[in-house]
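Quick notes on the structure that follows.
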Amino acid sequence: MHPPHPDPLPGGERGSAPLPVVASLEGEVRDSIQQTLRQLERMPERPAKPAPQSTEPPKPPAPPPIGAMDLAGWAGDDFNRTREALQRALDTAQGRARVEAQIALVRFLLARAMDEEGRAALETAASLSPAPDQRYALRILGDAFRALDREDGPDDNLFVQLPAGAMPDHHVWRSVALAPTRWAAAKEGLPIALRRLLDYPADLRSRLLTTLAAAADEAGDSAALNLIVLEMITVDSTGMADGRLDYFRGRLAELKATPGTAPEAALERYDAAAALRRGPFARRAEVRAIELRRGLGRLDEDGAIQALEALRFAWRGDDVETDALAALGGAYARSGRTDAALDIFGLLGRRFGATARGRDALAAGRTLLAAVLDRLEQSPPGGLYALALQARHGRLVTLVDGPDGKLRLRLATLLLRDGYGLEATRILHALTEGATGPRRAELGATLARSLIDGGREGEALDVLARTGGSALEPALAERRALLRADALLGDGDTVRALDALRGLSGAEAARLRAEGLFAAGEWRAARSAFAELAATGTEPTADDLALQGLSAYLAGDADASRGFGEAQRARLAGTRWAGLLDALAPPPADGPLRAESVERDLAAATALDRLARGWRKSP
């Protein structure tokens with residue numbers, strides 16, 4: 001039982017006055033809150049919590065810089081004695097010391113320019129489980145051998161990736177690695193590289209200077225080639241006894257020769273190199289001398305072919321064979337022996353495409369392909385040589401062509417001219433997919449034109465949609481709009497074709513607009529449009545005149561049809577529309593109609609309509 005609640009107030013009046021307990025509790029709570037606020041004001045402000053950042057993978061540390069190379073010390077004074085000492089050290093070493101001994105052997109082979117043995121020694125060193133620092137040293141040596149062998153793709157080479165700074169050896173190998181493919185970047189460090197090359201062993205210096213000279217010659221940089229040739233003179237006879245110095249001095253004389261002057265100095269140097277009769281540069285100089293004399297008119301085409309054939313079979317299998325084959329194929333092409341030129345072109349790819357000198361073979365093949373295309377462009381249309389070139393050597397054409405695709409585009413143009421649209425569209429498809437920007441839009445327009453001419457308007461519309469852009473030149477944009485209207489018209493979408501022609505002017509737009517009105521059955525409007533096309537000063541084609549006459553006939557304008565026939569009969573004579581006027585001639589006014597004549601006229605009208613639709617895009 002609970003005790004009775006005490007009544008603190010007299011007379012039993014409960015709840016008539018505020019409770020003092022409650023009042024005191026409110027005061028305590030108020031005091032506590034104020035005290036807490038004063039403590040917070042005295043506390044120092046805490047820094048804002050940083051926003052959560054996205055976790056990114058840590059970047060790998062940058063590779064250390066490439067140090068100096070003591071190539072003269074690596075090569076040694078005596079070849080046999082140095083190599084025997086390195087081999088003895090390799091036989092007795094174990095563990096890390098064995099890897100170091102193998103690295104020393106690789107350095108010796110690099111300094112002696114022995115690239116095949118050096119690559120084999122690199123593979124052996126990689127199989128010995130080298131430490132991280134040793135692997136880095138081996139990678140540097142491997143990239144140096146790649147530059148020595150003139151390999152493509154220098155972007156992953158350490159000498160290209162890392163900044164050269166003030167290290168002369170880094171400038172040397174960077175220039176050599178970039179020279180075959182990116183001469184403009186390679187020549188930036190050329191002065192430092194040439195000064196450093198003075199201290200390199202003779203064999204290695206000769207190899208590196210040859211690479212730089214060949215790149216400068218290909219780029220037509222006479223100033224740089226002059227500097228390189230001056231340093232070649234400092235190399236002793238061991239490195240230049242094969243005629244390469246005279247060959248490059250001849251090339252320099254050709255580059256410096258002014259137009260209209262006979263490069264006698266170049267011929268003198270080429271003859272001096274060819275007199276050695278051994279080594280690739282001696283025969284290469286002989287090839288160049290034959291080409292130069294032919295260009296000067298001192299040797300006719302038949303004489304050049306005989307000299308090149310003799311050289312080719314006398315030195316078969318040598319490095320010079322690529323140049324001799326290219327020069328011989330060019331002579332065949334110029335003399336009209338296109339079959340023999342195509343055989344030489346295929347031989348270049350089959351024999352040398354997969355070898356160490358494949359780049360030289362492809363460069364020679366590029367020159368030969370340009371000569372063959374020059375000959376085919378001068379020949380009358382309708383031949384089979386362009387088709388044979390694509391069918392037999394299409395893959396090789398792709399290999400020898402440059403990144404701009406100019407040679408393949410020329411071949412596709414020849415195929416279109418000769419009526420081989422399917423093969424041409426395949427080439428154009430590949431070129432368009434690999435292009436970007438305005439060039440992609442231009443190639444897409446060329447491809448769409450070939451597809452429209454082949455009756456594949458739907459594919460042409462898809463190509464135009466995928467290759468468009470916003471920042472196109474006005475002429476190219478107008479050309480693409482005309483192609484779209486032409487494709488829509490051929491695809492049967494006359495309304496959209498006429499809508500696409502809005503705002504376009506010119507003869508081609510007027511012709512398409514007239515053809516669209518004819519296809520839509522607007523005979524009177526079509527007749528007026530074709531008449532306006534002829535009135536603009538544009539020479540109308542036979543198709544334009546025929547469709548104009550058909551429009552007048554179908555519109556029921558007998559006077560216009562009769563006047564058209566009298567004026568244009570001579571213009572249509574000899575074309576596929578020559579019988580059109582007789583078919584449109586009205587029947588004689590006198591005499592009853594016969595059933596057989598009506599049936600004959602109806603059959604002729606049906607056949608004529610079918611021919612007109614089928615001939616609209618045919619040549």
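One-based numbering along the sequence shown.
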Exercise. Does the pair Arg244 and Thr210 meet the rule for a side-chain hydrogen bond (donor to acceptor under 3.5 Å, both in side chains), with working shown?
Worked result: CA-CA 8 Å; Arg244 73 182 66 191; Thr210 301; 2.7 Å; yes
Exercise. Are Arg484 and Asp493 close enough for a salt bridge, meaning some N to O gap below 4.0 Å?
Worked result: no
For this session: Find out whether Leu488 and Glu457 are in side-chain contact, i.e. whether some heavy atom of one side chain is under 4.5 Å from a heavy atom of the other.
Result: no
Exercise. If you look at every heavy atom in Ala266 and Gly250, which pair is closest and at what distance?
Worked result: CB-O, 3.4 Å
Exercise. For Ser450 and Arg456, what are the C-alpha separation, side-chain angles and deciding distance, and is it a side-chain hydrogen bond (donor to acceptor under 3.5 Å, both in side chains)?
Worked result: CA-CA 9 Å; Ser450 66; Arg456 300 156 65 181; over 6 Å; no
Exercise. Side chains of Thr398 and Arg408: closer than 4.5 Å at any heavy-atom pair?
Worked result: yes
Problem set entry | Residue pair Arg524 / Ser551, side-chain donor-acceptor N/O under 3.5 Å | no
Exercise. Under a 4.5 Å cut-off applied to non-hydrogen side-chain atoms, are Trp183 and Lys187 in contact?
Worked result: yes
For this session: List the steps and the verdict of side-chain contact (heavy atoms from CB on, under 4.5 Å) for Ile290 and Leu299.
Result: CA-CA 8 Å; Ile290 294 172; Leu299 193 64; 4.0 Å; yes
Exercise. Could you give the distance from CZ (Arg294) to CG (Leu308), rounded to the nearest 0.5 Å?
Worked result: 9.0 Å
Exercise. Roughly how far, to the nearest 0.5 Å, is the CZ atom of Arg511 from the CG atom of Leu482?
Worked result: 11.0 Å
Problem set entry | Heavy-atom closest contact (Arg410 atom, Asp374 atom, distance) | NH2-OD1, 2.5 Å
For this session: Consider only side-chain N and O atoms of Tyr270 and Glu291, and report whether a donor and an acceptor are under 3.5 Å apart.
Result: no
For this session: Output all residues satisfying side-chain contact (heavy atoms from CB on, under 4.5 Å) with Arg269, sequence neighbours left out; order by chain, then residue number.
Result: Asp246, Arg249
Exercise. Considering only heavy atoms from C-beta outward, does the side chain of Glu473 approach that of Arg479 to under 4.5 Å?
Worked result: no
Exercise. In Å, rounded to the nearest 0.5 Å, how long is the span from CG of Leu414 to CG of Leu376?
Worked result: 6.0 Å
For this session: List the steps and the verdict of side-chain contact (heavy atoms from CB on, under 4.5 Å) for Leu443 and Leu409.
Result: CA-CA 9 Å; Leu443 288 172; Leu409 184 58; 4.0 Å; yes
For this session: List the steps, then state whether side-chain contact (heavy atoms from CB on, under 4.5 Å) holds for Thr446 with Thr413.
Result: CA-CA 9 Å; Thr446 305; Thr413 304; 6.0 Å; no
For this session: Measure from NZ or CZ of Arg251 to the centre of the six-membered ring of Phe248, then state whether that distance is under 6.0 Å and the direction lies within 45° of the axis.
Result: no
Exercise. When you check the gap from the basic side-chain N to the acidic O, do Arg502 and Asp499 get nearer than 4.0 Å?
Worked result: yes
Problem set entry | Those residues that, when tested against Asp302, pass side-chain contact (heavy atoms from CB on, under 4.5 Å) (two or more places apart) | Asp300
Problem set entry | Shortest non-hydrogen contact between Thr494 and Ala519, atoms and distance | OG1-CB, 4.2 Å
Exercise. Does the side chain of Tyr385 come within less than 4.5 Å of Leu342's, by heavy atoms?
Worked result: yes
Exercise. More than 12 foreign heavy atoms under 6.0 Å from CD of Glu377: is that the case here?
Worked result: yes
Problem set entry | Gap between atom OH of Tyr332 and atom CD of Glu301 - 0.5 Å precision | 11.0 Å
For this session: Would you indicate whether the side-chain heavy atoms of Glu423 and Leu411 approach each other to under 4.5 Å?
Result: no
Problem set entry | Minimum heavy-atom distance Ala289-Leu267, with the two atoms named | O-CD2, 4.2 Å
Seminar exercise, completed: In terms of heavy-atom contacts, Glu286 and Ala274 come closest through CB-CB, 4.0 Å
Problem set entry | salt bridge (Lys or Arg N to Asp or Glu O under 4.0 Å) between Arg288 and Glu254, worked out | CA-CA 11 Å; Arg288 188 59 201 149; Glu254 275 197 78; 2.7 Å; yes
Exercise. When rounded to the nearest 0.5 angstrom, what distance separates CD in Glu515 from CG in Asp486?
Worked result: 7.0 Å
Exercise. Rounded to the nearest 0.5 Å, how far does CG of Leu328 lie from CZ of Arg337?
Worked result: 8.0 Å
Exercise. Under 3.5 Å, side chain of Arg449 to main-chain N/O of Leu483, donor-acceptor pair present?
Worked result: no
Exercise. Are Val400 and Phe345 close enough, and set up right, to give a side-chain contact (heavy atoms from CB on, under 4.5 Å), and what steps lead you there?
Worked result: CA-CA 10 Å; Val400 304; Phe345 181 68; 4.0 Å; yes
Exercise. Would you say the side-chain atoms of Thr432 and Arg440 include a donor-acceptor pair closer than 3.5 Å?
Worked result: no
Exercise. If we only count heavy atoms from C-beta on, is the Asp217 to Leu252 side-chain gap below 4.5 Å?
Worked result: no
Exercise. Parallel, tilted or perpendicular for Phe281 and Tyr247, by the 30°/60° rule?
Worked result: tilted
Exercise. So, Asp544 versus Thr541: side-chain donor-acceptor pair below 3.5 Å or not?
Worked result: yes
For this session: Flag the pair Gln390 / Arg426 as yes when at least one side-chain heavy-atom distance between them is below 4.5 Å, and no otherwise.
Result: no
Problem set entry | Donor-acceptor contact present, side-chain Arg513 to main-chain Ala526, <3.5 Å | no
For this session: For residues Asp418 and Pro381, report the shortest heavy-atom separation together with the two atoms involved.
Result: OD1-CA, 3.4 Å
